Number of protein chains: 2
Amino acid sequence: MSDSEEHTTDGRQARGNKRRAEIIDATLAVVTRDGAAGVTHRTVAKQAGITASLSTYYFATLDALLVAALSSVADTYTKRIRAIIDGPDDNLRGLAELIVESGGPGRDRALAERELSTLAARRPALAPVARHWRENVAELAATLTDNPQAIDALVAASDGLCTAILIDNIPADTDYVHRVLSQAIGTRRGH
Amino acid sequence: MSDSEEHTTDGRQARGNKRRAEIIDATLAVVTRDGAAGVTHRTVAKQAGITASLSTYYFATLDALLVAALSSVADTYTKRIRAIIDGPDDNLRGLAELIVESGGPGRDRALAERELSTLAARRPALAPVARHWRENVAELAATLTDNPQAIDALVAASDGLCTAILIDNIPADTDYVHRVLSQAIGTRRGH
DNA sequence: CTGATATTTGAACGATAGTACAACTAGAAC
DNA sequence: GTTCTAGTTGTACTATCGTTCAAATATCAG
């Protein structure tokens with residue numbers, strides 16, 4: 001935020017944006033705890049420590065709220081994956097670390113992303129947002145290989161690994177996840 | 001059903017089981033249309049052409065109904081995958097065909113399975129059921145390779161591919177899916 | 001036939017939801 | 001200061017929900 005913006009911005013706009021973000025955070029907390037089905041204006045308001053009227057003031061319909069919250073998760077992932085791609089470290093390992101976060105600090109994010117793609121399966125309008133994650137992972141994969149099948153396999157495996165971690169089907173262990181990803185993309189052969 | 005069972009079975013039991021199955025089918029239809037969140041005794045009853053009281057008679061709580069419906073999907077997948085393993089054809093291709101069904105005749109089933117695993121991420125009691133799919137696919141993979149990473153990569157990729165098909169991110173095409181699976185398991189090298 | 005049991009139906013309760021709306025407060029511009 | 005606009009609050013409506021319960025009907029066994 002440049003200085004010029006700071007002096008000309010209506011303070012109420014900033015307040016509104018901050019409040020909007022708080023509501024979205026609260027929504028994601030509710031999604032994590034109760035699933036997308038648990039998101040109501042009242043549950044979110046309570047979680048955010050505000051009145052339900054405020055929630056409806058900022059998000060006119062429950063639908064708008066849900067879409068905004070879930071879309072914000074897609075944005076977060078985009079940023080994270082971009083950072084991995086642009087960073088100095090091994091992209092595949094970075095991806096493995098991101099996936100492993102699904103079992104820890106990134107659990108709410110992973111759950112929300114999952115709710116989004118599940119919702120998108122029934123709501124074509126949401127599909128583009130849901131595809132972001134895949135597109136981002138595909139972009140990262142393209143830095144590792146130019147084989148289309150390998151790229152697609154890595155994208156699919158990444159998704160499946162997140163789910164497996166969410167349901168405690170596999171260990172949230174970076175080395176393990178890295179090995180599976182390597183297998184999928186073809187840089188590791190078991191025998 | 002053997003003859004002896006037919007002569008000794010209380011007709012009311014059969015009626016009840018049939019009704020129970022109808023209600024579960026209606027539930028899955030509602031899941032497909034509106035998601036798990038759309039499942040209420042009333043919506044299911046309407047879908048099944050019965051009264052809501054009947055729905056609550058057979059499934060005492062909404063939770064019991066949801067769990068039963070989603071679990072039945074896991075059973076269906078188990079049977080299908082078992083049939084592929086036991087069948088005469090190529091297991092990997094059979095798996096590809098099963099995955100491709102997610103975009104067509106098996107869409108409701110795939111959606112329900114997805115709702116189940118999403119629910120299971122928040123409900124540890126459901127996790128064992130949600131893991132069935134994975135365990136079944138892993139068993140099928142074990143007929144193709146004994147490399148643990150390859151097995152895990154195939155399981156993860158299968159899951160991810162189903163999702164991608166559900167959100168129209170990839171073509172529901174058997175050859176394509178088969179190629180990606182082959183890549184993941186390591187039987188195909190791009191170059 | 002009677003008594004037991006399974007199935008079916010409808011009414012109703014308390015709770016919660018989405019949403020609408022009006023009044024009030026706060027911030028900004030002139 | 002006044003006027004406009006954004007933010008905040010509380011009330012209330014209609015609708016739906018999960019669940020409970022009792023009555024009626026159908027099926028089965030003796």
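Because the structure is a prediction, the values reported are computed rather than measured.
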Any donor-acceptor N/O pair, B:T43 side chain to B:G38 backbone, under 3.5 Å | yes
Give the rounded distance in Å between these two atoms: [atom1] of [X] and [atom2] of [N].
| X | N | atom1 | atom2 | result |
| --- | --- | --- | --- | --- |
| A:E22 | D:dT8 | CD | C1' | 13 Å |
| B:R42 | C:dG10 | CZ | P | 13 Å |
| A:K18 | D:dA6 | NZ | C1' | 16 Å |
| B:L65 | D:dT19 | CG | C1' | 14 Å |

Side chain of [X] - closest among [options]:
| X | options | answer |
| --- | --- | --- |
| B:H41 | C:dA6, C:dG18, D:dT19 | D:dT19 |
| B:R12 | C:dA4, D:dA12, D:dG7 | C:dA4 |
| A:S53 | D:dT27, C:dA26, C:dA20 | C:dA20 |

Might you work through the side chain to side chain donor-acceptor pair (under 3.5 Å) test for A:R114 and B:S117, ending with a clear yes or no?
-> CA-CA 10 Å; A:R114 188 170 178 81; B:S117 57; 2.5 Å; yes
Any side-chain N or O of [X] under 4.0 Å from OP1/OP2 of [N]?
| X | N | result |
| --- | --- | --- |
| A:R19 | D:dT8 | yes |
| A:Y58 | D:dT8 | yes |
| B:Y57 | C:dT7 | yes |
| A:T40 | C:dA17 | yes |

Which is true for A:L62 with a 4.0 Å heavy-atom rule: it touches a base, it touches only sugar-phosphate, or it touches nothing?
-> sugar-phosphate
What about A:R15: does its side chain form a donor-acceptor pair under 3.5 Å with the base of C:dG27?
-> no
Does a salt bridge link A:E22 with A:K18, judged by any charged N lying under 4.0 Å from a carboxylate O?
-> yes
Mind checking whether A:D159 and A:V155 have side chains closer than 4.5 Å, heavy atoms only?
-> no
